Amino acid sequence: QKSFWSSNTTTVQCNQGYWLSEKDRTLQCTASGVWKPLPQSCRPVQCPQLPTIPFSSLFNNVSRFYHSTVTVDCQDGYELYETETLRVSSFQQVTLNCTLTLGDAFAEKGTWKPNPTSFFCHRRDRRVSTMATFPPSSTATFPPSSTATFPPSS
C-alpha cells in the first residue's frame with residue numbers, strides 16, 4: 001500500500017482499449033486528503049459508426065468498442081469489389097476490426113481495419129464502370145483498343 005502526502009500527484013493510466021481525458025489523468029492530493037480533480041472512470045475506446053454498405057449484410061447496430069469484429073458479406077447475387085482497383089476481391093467476405101490508432105496510448109477513438117470504404121458490393125451480372133467528367137473545352141485521350149460510350153444528346 002502506498003501513502004500519499006499533501007501536494008503529491010499521481011497519474012492515472014487506463015488499460016489498453018480504454019481512455020481518460022488529459023485533464024482527468026493527473027490527480028493531486030489536497031491538504032484535506034481529497035484527490036483533485038475527483039478520479040474519473042476510464043471509458044472504452046469506440047470506433048466510428050460504420051458507413052452503409054449497400055447490398056451487404058452489414059447493419060449499424062454492431063458493437064463499436066475496441067477489439068470488436070464485424071464480418072461483412074455481400075447479399076446473394078452480389079460480390080465484393082475493392083474500391084481502389086475496381087476488381088473483384090479475392091475474399092468472399094471482409095472482417096473489420098476495431099483497433100487503436102497506432103502509437104496513441106491515449107486515443108479516445110478507434111479505427112476500423114481494413115477501412116470500410118475500401119470495398120463495396122456489386123451485382124455479379126453487371127460490369128463495374130467509372131464515371132469521368134471533363135470540362136467543356138478539354139480533350140480526352142484513350143488507348144487505341146478502348147471504347148467510350150456517351151449518353152445520346154437530348
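Position 1 is the first residue of the sequence; numbering continues from there. Since the structure is predicted, the reported quantities are computational estimates derived from the model, not experimental observations.
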>> Between C42 and N15, is the side-chain contact (heavy atoms from CB on, under 4.5 Å) condition met? List the steps.
In response: CA-CA 8 Å; C42 293; N15 291 333; over 6 Å; no

> Passes side-chain contact (heavy atoms from CB on, under 4.5 Å), V70 versus T95? Steps please.
Replying inline: CA-CA 6 Å; V70 178; T95 300; over 6 Å; no

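The two residues C98 and R64 make their nearest non-hydrogen contact at SG-O, 3.5 Å. The two residues C47 and T99 make their nearest non-hydrogen contact at SG-N, 4.0 Å.
No side-chain heavy atom of Q46 sits less than 4.5 Å from a side-chain heavy atom of K109. No side-chain heavy atom of V72 sits under 4.5 Å from any side-chain heavy atom of Q93. With a 4.5 Å cut-off on side-chain heavy atoms, D73 and S56 do not count as touching. Residues L27 and V12 form a side-chain contact, since some pair of their non-hydrogen atoms from C-beta on lies under 4.5 Å apart. Side-chain atoms of V94 and T71, non-hydrogen and from C-beta on, never get closer than 4.5 Å to each other. The shortest side-chain heavy-atom distance between C74 and F55 does not fall under the 4.5 Å cut-off. In this structure, Q16 and L100 have side chains that are in contact, with non-hydrogen atoms separated by less than 4.5 Å.
Evaluation of the ring-ring contact (aromatic ring centres under 6.0 Å, His included) rule for Y66 yields no partner, not counting sequence neighbours. Take E79 and apply the salt bridge (Lys or Arg N to Asp or Glu O under 4.0 Å) test, not counting sequence neighbours, and it matches R124. Residues satisfying the side-chain hydrogen bond (donor to acceptor under 3.5 Å, both in side chains) criterion with Q75, sequence neighbours excluded, are absent altogether. Considering only residues two or more places apart in sequence or on other chains, F65 meets the ring-ring contact (aromatic ring centres under 6.0 Å, His included) condition with none of them. Residues passing the side-chain hydrogen bond (donor to acceptor under 3.5 Å, both in side chains) test with D24 are S21, sequence neighbours excluded.
In this structure, CG on N8 lies 6.5 Å from SG on C29, to the nearest 0.5 angstrom. Atom CD of Q40 is separated from atom CH2 of W35 by 14.5 Å, given to the nearest 0.5 angstrom. From T111, atom OG1 reaches atom CG of L96 across 12.0 Å, with rounding to the nearest 0.5 Å. Atom-to-atom distance recorded for Q28:CD and T10:OG1 is 11.5 Å, nearest 0.5 angstrom. A distance of 9.5 Å separates CG of L86 from NE2 of H122, quoted to the nearest 0.5 Å.
Side chain of R25 to main chain of L20: a donor-acceptor pair is present (N/O by atom type, distance under 3.5 Å, no hydrogens or angles). Here the side chain of T52 pairs no donor or acceptor atom with the backbone of P54 at under 3.5 angstrom.
Tracing side-chain contacts under 4.5 Å through hydrophobic residues (I, L, V, M, F, W, Y), one reaches L50 starting from I53; they form part of the same cluster.
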Ignoring hydrogens and angles, write down the donor-acceptor pairs under 3.5 Å from the side chains of residues 112-120, residues two or more places apart or on other chains.
from, atom 1, to, atom 2, distance (Å)
W112, NE1, P48, O, 2.8
N115, OD1, T117, N, 2.9
N115, OD1, T117, OG1, 2.8
N115, ND2, T117, OG1, 3.4
S118, OG, N115, O, 2.6

